[in-house]
**Q** 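Right, I'll just put the structure down here and ask away after.
Everything numeric in this text was worked out from a predicted model, so none of it was measured.
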Amino acid sequence: MEAAELSGRRLRMAGPVGDAAYFEAYVRPRLGRTITYEGHLHQPNLCELVGSSAAAVVTPCWDEPYGLVVAEALACGTPVCGFARGALPEIVTPACGRLVRPGDSTALAKAVEPTIGLSRADARRHAEACCSMEAMTDGYERFYRSVSA
């Protein structure tokens with residue numbers, strides 16, 4: 001939310017509220033004209049939201065091992081702007097996104113405009129090449145062959 005405010009861009013958030021007390025104390029007070037919470041959306045509505053966004057802002061708070069949100073955004077042709085944490089540096093390339101130091105909202109805000117300027121077609125191609133079921137299966141098979149030899 002801080003990066004959106006600093007960038008002057010609108011932020012539309014979606015997903016389940018995992019901690020209602022946190023949401024009420026820290027998120028709800030910042031909601032308004034430029035920052036909105038769309039709710040926990042069903043897949044078609046989520047795809048529409050992500051696919052119509054100029055960029056997906058991804059700010060993991062832990063070192064998640066894959067980054068499904070990133071893969072889904074790229075599959076929608078939406079470039080990713082986020083924190084270089086967990087799997088994001090392995091998935092996001094300069095052709096499909098921009099990553100900054102984790103926790104640096106100022107740097108994230110500055111990365112928004114360059115991210116928006118990236119090719120949506122390149123983002124989609126990257127998802128197909130690296131995140132599709134075929135790409136994942138091929139990667140697992142290569143890995144299993146390498147450790148079983």
**Q** Passes salt bridge (Lys or Arg N to Asp or Glu O under 4.0 Å), Glu64 versus Arg85? Steps please.
**A** CA-CA 8 Å; Glu64 62 181 293; Arg85 186 168 194 172; over 6 Å; no
**Q** Out of curiosity, Leu41 CG to Arg12 CZ, how far, rounded to the nearest 0.5 Å?
**A** 8.5 Å
**Q** Walk me through it: do Leu88 and Val58 pass the test side chain to side chain contact (heavy atoms under 4.5 Å, CB included)?
**A** CA-CA 9 Å; Leu88 270 68; Val58 183; 4.0 Å; yes
**Q** With the side chain counted from C-beta on, respond yes when Met13 and Met1 share a heavy-atom pair under 4.5 Å apart, and no when they do not.
**A** yes
**Q** Starting from the C-alpha separation in whole Å, work towards a yes-or-no answer on side chain to side chain contact (heavy atoms under 4.5 Å, CB included) for Leu99 and Phe83.
**A** CA-CA 5 Å; Leu99 299 177; Phe83 292 152; over 6 Å; no
**Q** Quick one: are His42 and Asn45 in side-chain contact, heavy atoms under 4.5 Å?
**A**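 Yes - at least one pair of side-chain heavy atoms lies under 4.5 Å apart.
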**Q** Can you establish whether the number of heavy atoms outside Tyr66 located under 6.0 Å from its atom OH is more than 12?
**A**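 Yes, enclosed.
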**Q** Is Glu5 paired with Arg30 through a side-chain N to carboxylate O contact shorter than 4.0 Å?
**A**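 Answer for the salt bridge query: yes.
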**Q** With a 4.5 Å cut-off on side-chain heavy atoms, are Cys76 and Glu72 touching?
**A** no
**Q** Might you point out which heavy atoms bring Gly97 and Leu118 nearest each other, and give the distance in Å?
**A**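 So the minimum-distance heavy-atom pair works out to N-CD1, 3.2 Å.
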**Q** With a 4.5 Å cut-off on side-chain heavy-atom distances among I, L, V, M, F, W and Y, is there a chain of contacts connecting Val27 to Ile35?
**A**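 Linked, Val27 and Ile35 end up in one cluster.
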**Q** Count the heavy atoms of every other residue, nucleotide or ligand shown that sit under 6.0 Å from CZ of Phe23, and state whether that count exceeds 12.
**A** yes
**Q** Take His126 and Asp122 through the side chain to side chain contact (heavy atoms under 4.5 Å, CB included) test and state the conclusion after the steps.
**A** CA-CA 6 Å; His126 183 68; Asp122 285 349; over 6 Å; no
**Q** With the 4.5 Å side-chain cut-off for hydrophobic clustering, are Met136 and Met133 part of the same group?
**A** no
**Q** Provide the closest heavy-atom pair for Pro65 versus Ala87 in the form atom of the first, atom of the second, distance.
**A** O-CB, 3.3 Å
**Q** Does a side-chain heavy-atom distance below 4.5 Å link Leu108 with Thr59?
**A**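 Side chain of Leu108 against side chain of Thr59, heavy atoms only: contact under 4.5 Å found.
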**Q** Roughly how far apart are Arg28 CZ and Tyr37 OH, rounded to 0.5 Å?
**A** 9.0 Å
**Q** Which atoms form the tightest heavy-atom contact between Val112 and Cys81, and what is the distance?
**A**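 Nearest pair, atom of Val112 first, then Cys81: N-SG, 3.9 Å.
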**Q** Please report the interatomic distance OG(Ser53) to CZ(Arg10), rounded to the nearest 0.5 Å.
**A**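 Answer rounded to 0.5 Å: 9.0 Å.
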**Q** For Glu24, does the CD atom have more than 12 heavy-atom neighbours from other residues, nucleotides or ligands under 6.0 Å away?
**A**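 Yes, the 6.0 Å shell around CD holds more than 12 heavy atoms from other groups.
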**Q** With rounding to the nearest 0.5 Å, note down the distance linking OG1 in Thr106 to CZ in Arg101.
**A**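 It comes to 9.5 Å.
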**Q** Looking at OG1 of Thr36 and CG of Leu31, how far apart are the two atoms once the value is rounded to the nearest 0.5 Å?
**A** 7.5 Å
**Q** Just wondering, do Ile91 and Cys130 contact through their side chains at under 4.5 Å, heavy atoms?
**A** no
**Q** Parallel, tilted or perpendicular: which describes the rings of Tyr26 and Tyr22, with under 30° parallel and over 60° perpendicular?
**A** tilted
**Q** Ignoring hydrogens, what is the shortest heavy-atom contact between Ala25 and Pro29? Give both atom names and the distance.
**A** O-CG, 3.4 Å
**Q** Quick check: is Val57 connected to Val80 through a chain of hydrophobic side chains (ILVMFWY, heavy atoms under 4.5 Å apart)?
**A**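 No.
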**Q** Mark yes or no for whether Arg9, through its side chain, and Ala4, through its backbone, hold a donor-acceptor pair below 3.5 Å.
**A** no
**Q** Does any donor atom in the side chain of Thr78 or Arg120 lie under 3.5 Å from an acceptor atom in the other side chain?
**A**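 Yes - a donor-acceptor pair under 3.5 Å links their side chains.
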**Q** What is the minimum heavy-atom distance between Pro79 and Ala54, and which atoms define it?
**A** CD-O, 3.7 Å
**Q** Would Trp62 end up clustered with Val92 when hydrophobic side chains under 4.5 Å apart are linked, directly or stepwise?
**A** no
**Q** Please round to the nearest 0.5 Å and tell me the distance separating atom CG of Asp104 and atom CD of Glu2.
**A** 9.0 Å
**Q** Do Val50 and Val70 share a hydrophobic cluster (ILVMFWY, side-chain heavy atoms under 4.5 Å, transitive)?
**A**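 Looking at the clustering, Val70 is in a separate group from Val50.
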**Q** Report the residues that fulfil side-chain contact (heavy atoms from CB on, under 4.5 Å) with Ala121, sequence neighbours left out, ordered by chain and then residue number.
**A** Ser119, Arg125
**Q** On a heavy-atom basis, which atom in Ala111 and which in Pro114 lie closest, and how many Å separate them?
**A** O-CD, 3.3 Å
**Q** So, do Cys96 and Leu74 sit near enough that their side-chain heavy atoms are less than 4.5 Å apart?
**A** yes
